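The structure appears below as C-alpha cells.
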Amino acid sequence: MVSIDIPPHPWWKPGLDLHRGGDSYAHLLSATRGLLDAVAGVDAPEAVLAEVAGEVSRIAGRLNSYTTSDESQIAGTRMDLPGRGHPLVVPYRTTSWTSVRMTAEVTFTRIHLGDGGAVHGGVTALLFDEVLGRFANHGRQPARTAFLHVNYRRLVPLDVDLDILTKVDRAEGRKLYITAELSHDGTVLADAEGLFVAVSAQ
Ligand SMILES: CCCCCCCCCCCC(=O)SCCNC(=O)CCNC(=O)[C@H](O)C(C)(C)COP(=O)(O)OP(=O)(O)OC[C@H]1O[C@@H](n2cnc3c(N)ncnc32)[C@H](O)[C@@H]1OP(=O)(O)O
C-alpha cells in the first residue's frame, strides 16, 4: 500500500484515531468484501444457502451488539485502507495527492457487476462521487456535491486494474468544479464533472 500524506477532513474531530480497529478491522473489511463477491456470484443448493444465511445472521448479530454512533464508527475513517475502509465505498487506492490533482487505482469485482460482464453504471457514479467528494473536502472547507455529470464512454471491466485521475478544474467563490477520468491502459472508460459547494462546518 502506498503511504501518502492526505490533509484532514474538515469535519473530523481533533484527535480522532484514524487507525481504530487496527489490522483486525482491515481483515474484517476484506472478508466482508469477499463475502459480497461470493454472494453475488453464487448458485448453490438451497440447503447450503439456508445454512450460510444462518451463519451470516449470527455474525451480524454479534457485530450489532457493538453498534456505535456515526461519529464513532470505524467505517469511512480508515484512510489507510481501500475506499476509506467503508464497506459500501468502491475500494479505490489513492496513489498520489496534491491540492489540485489526485491519482488512484481501482479494481472492480463480482459485487460490482451490472450486466454484460461490465460494471453497473450506478457503481461507476458512486466511485466518482466518492473520489471527487473526498478530494473536494480534504484540506479545504467542507463541501457537498451539488451535481455530478458522468459520461459512460466504454464498458468498464471487472478484475482489471484501472486508473483514476482527478483534477480541480476551477473555483468560483464557494463553488469548486472537479473532473475525473477512469481509464485502462490510457483509454478513458468514463469521465465525470462535479460541482461541490462549500458549506459551514457542522
Ligand atoms: C470521515 C469523513 C471522510 C469524508 C470523505 C467524504 C467523501 C465522500 C463525499 C461525498 C460527497 C457527497 O456525496 S455529499 C452528499 C450529496 N449531496 C447532497 O446531499 C447535497 C444536497 N444539497 C445541498 O446541501 C445544497 O443544495 C448545496 C450545499 C449543494 C448548496 O446549497 P447552498 O449552500 O444553500 O448554496 P446555494 O445558494 O443553493 O448555491 C450556491 C451556488 O451554487 C450553485 N448551485 C447550487 N446547486 C447547483 C446545481 N445543482 N447546479 C448548478 N449550480 C448549482 C448556485 O447557483 C449558486 O451559484 P452562485 O449564485 O453563487 O453563482
Side-chain angles (χ1 to χ4, degrees), residues 1-22 25-26 28-29 32-33 66-106 108 111-112 119-152 162-182 190-202:
M1 177 90 43
V2 178
S3 177
I4 54 173
D5 186 20
I6 298 174
H9 184 275
W11 283 308
W12 281 347
K13 292 180 184 152
L16 179 66
D17 177 5
L18 300 181
H19 293 91
R20 279 165 301 144
Y25 182 79
L28 172 63
L29 188 68
T32 301
R33 292 193 194 283
Y66 293 93
T67 295
T68 184
S69 67
D70 53 358
E71 290 90 9
S72 304
Q73 70 183 34
I74 301 169
T77 66
R78 284 291 302 266
M79 312 313 285
D80 58 321
L81 300 179
R84 289 187 287 124
H86 195 297
L88 179 69
V89 173
V90 179
Y92 65 97
R93 308 168 293 277
T94 305
T95 50
S96 73
W97 186 294
T98 72
S99 61
V100 294
R101 187 179 187 278
M102 178 182 107
T103 58
E105 299 168 340
V106 66
F108 293 99
I111 186 64
H112 305 122
V119 170
H120 192 296
V123 171
T124 304
L126 171 63
L127 173 72
F128 278 131
D129 189 41
E130 161 67 24
V131 173
L132 295 176
R134 183 171 159 195
F135 187 56
N137 274 280
H138 287 267
R140 309 177 198 279
Q141 264 188 278
R144 292 193 198 117
T145 320
F147 72 63
L148 179 70
H149 182 117
V150 179
N151 297 307
Y152 298 91
L162 305 175
D163 299 308
I164 303 165
L165 171 61
T166 305
K167 292 187 208 168
V168 170
D169 183 60
R170 64 191 188 282
E172 296 171 3
R174 288 197 294 138
K175 296 186 290 186
L176 190 64
Y177 293 85
I178 305 182
T179 61
E181 286 180 350
L182 176 69
D191 55 64
E193 181 191 37
L195 168 60
F196 293 81
V197 176
V199 295
S200 302
Q202 294 166 342

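First listed ligand is number 1; within each ligand, the first listed atom is number 1. These values consider heavy atoms only, across backbone and side chains, with no hydrogens, waters or symmetry-generated copies. Predicted, not measured: the structure shown is a model, and the values here were computed from it.
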Side chain to side chain contact (heavy atoms under 4.5 Å, CB included) between Leu165 and Asp163: does it pass, once the steps are laid out? CA-CA 7 Å; Leu165 171 61; Asp163 299 308; over 6 Å; no
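Counting only residues at least two apart or on different chains, the side-chain hydrogen bond (donor to acceptor under 3.5 Å, both in side chains) pairs with a member in residues 172-181 are Arg170-Glu172.
The presence of a protein heavy atom under 4.0 Å from atom 17 (N) of ligand 1 is confirmed. For atom 26 (O) of ligand 1, the nearest protein heavy atom lies 4.0 Å away or farther. At a distance under 4.0 Å, a protein heavy atom can be found next to atom 35 (O) of ligand 1. Within a 4.0 Å radius of atom 61 (O) of ligand 1, the protein contributes one or more non-hydrogen atoms. Within 4.0 Å of atom 53 (C) of ligand 1, at least one protein heavy atom is present.
In terms of protein heavy-atom proximity, atom 1 (C) of ligand 1 is closest to Trp12 NE1, 2.6 Å. Given atom 4 (C) of ligand 1, the protein heavy atom at minimum distance is His9 CD2, 3.0 Å. Annotation: atom 8 (C) of ligand 1 to nearest protein heavy atom, Glu130 OE1, 3.6 Å. Taking atom 31 (O) of ligand 1 as the reference point, the nearest protein heavy-atom neighbour is Val197 CG1, 4.8 Å. Considering only non-hydrogen protein atoms, atom 49 (N) of ligand 1 sits nearest to Ala146 O, 3.2 Å. Protein heavy atom nearest atom 50 (N) of ligand 1, with residue, atom name and distance: Phe147 CD2, 3.3 Å. At the shortest separation from atom 15 (C) of ligand 1 among protein heavy atoms lies Thr145 OG1, 4.5 Å. Distance from atom 33 (O) of ligand 1 to its nearest protein heavy atom, with residue and atom name: Arg174 NH1, 2.9 Å.
Remark: distances from the non-hydrogen atoms of Gly76 to ligand 1 include one below 4.0 Å. Under a 4.0 Å heavy-atom criterion, Glu172 is not in contact with ligand 1.
Taking every heavy atom of both residues into account, Leu132 and Gly194 meet most closely at CD1-N, 3.9 Å. Closest non-hydrogen pair, Ser72 versus Arg20, comes out as O-NH1, 2.5 Å. Residues Ala171 and Leu176 come closest through the heavy atom pair CB-CD1, 3.8 Å. Nearest heavy atom pair, residue Ala125 against residue Tyr152, reads CB-OH, 3.8 Å. The two residues Asp70 and Gln73 make their nearest non-hydrogen contact at O-CG, 3.4 Å.
When Leu195, Asp129, Asn137 are checked for heavy-atom proximity to atom 13 (O) of ligand 1, Asp129 turns out nearest.
Close N/O approach between Lys175 and ligand 1 is found [any backbone or side-chain N/O within under 3.5 Å]. Residue Arg144 has at least one nitrogen or oxygen atom sitting less than 3.5 Å from a nitrogen or oxygen atom of ligand 1, judged on distance alone.
Residues Ile178 and Lys167 form no side-chain contact, since every pair of their non-hydrogen atoms from C-beta on lies 4.5 Å or further apart. In this structure the side chain of His19 never reaches within 4.5 angstrom of the side chain of Met79, judged on heavy atoms. Taking the side chain as every heavy atom from C-beta outward, Leu29 and Arg33 approach each other to under 4.5 Å.
Shown here are the side-chain contact (heavy atoms from CB on, under 4.5 Å) partners of Thr98, two or more places apart in sequence or in another chain: Val100, Arg101.
No side-chain N or O of Glu105 forms a donor-acceptor pair with one of Tyr92 less than 3.5 Å apart.
Those atoms of ligand 1 with a heavy atom of Arg134 less than 4.0 angstrom away are 7 (C). For ligand 1 and Gly133, the ligand atoms under 4.0 Å from any heavy atom of the residue are 7 (C), 9 (C). Distances below 4.0 Å separate heavy atoms of Val199 from the following atoms of ligand 1: 28 (C).
Judged by a 6.0 Å distance limit and a 45° cone about the ring axis, Arg140 is not positioned over the six-membered ring of Phe196.
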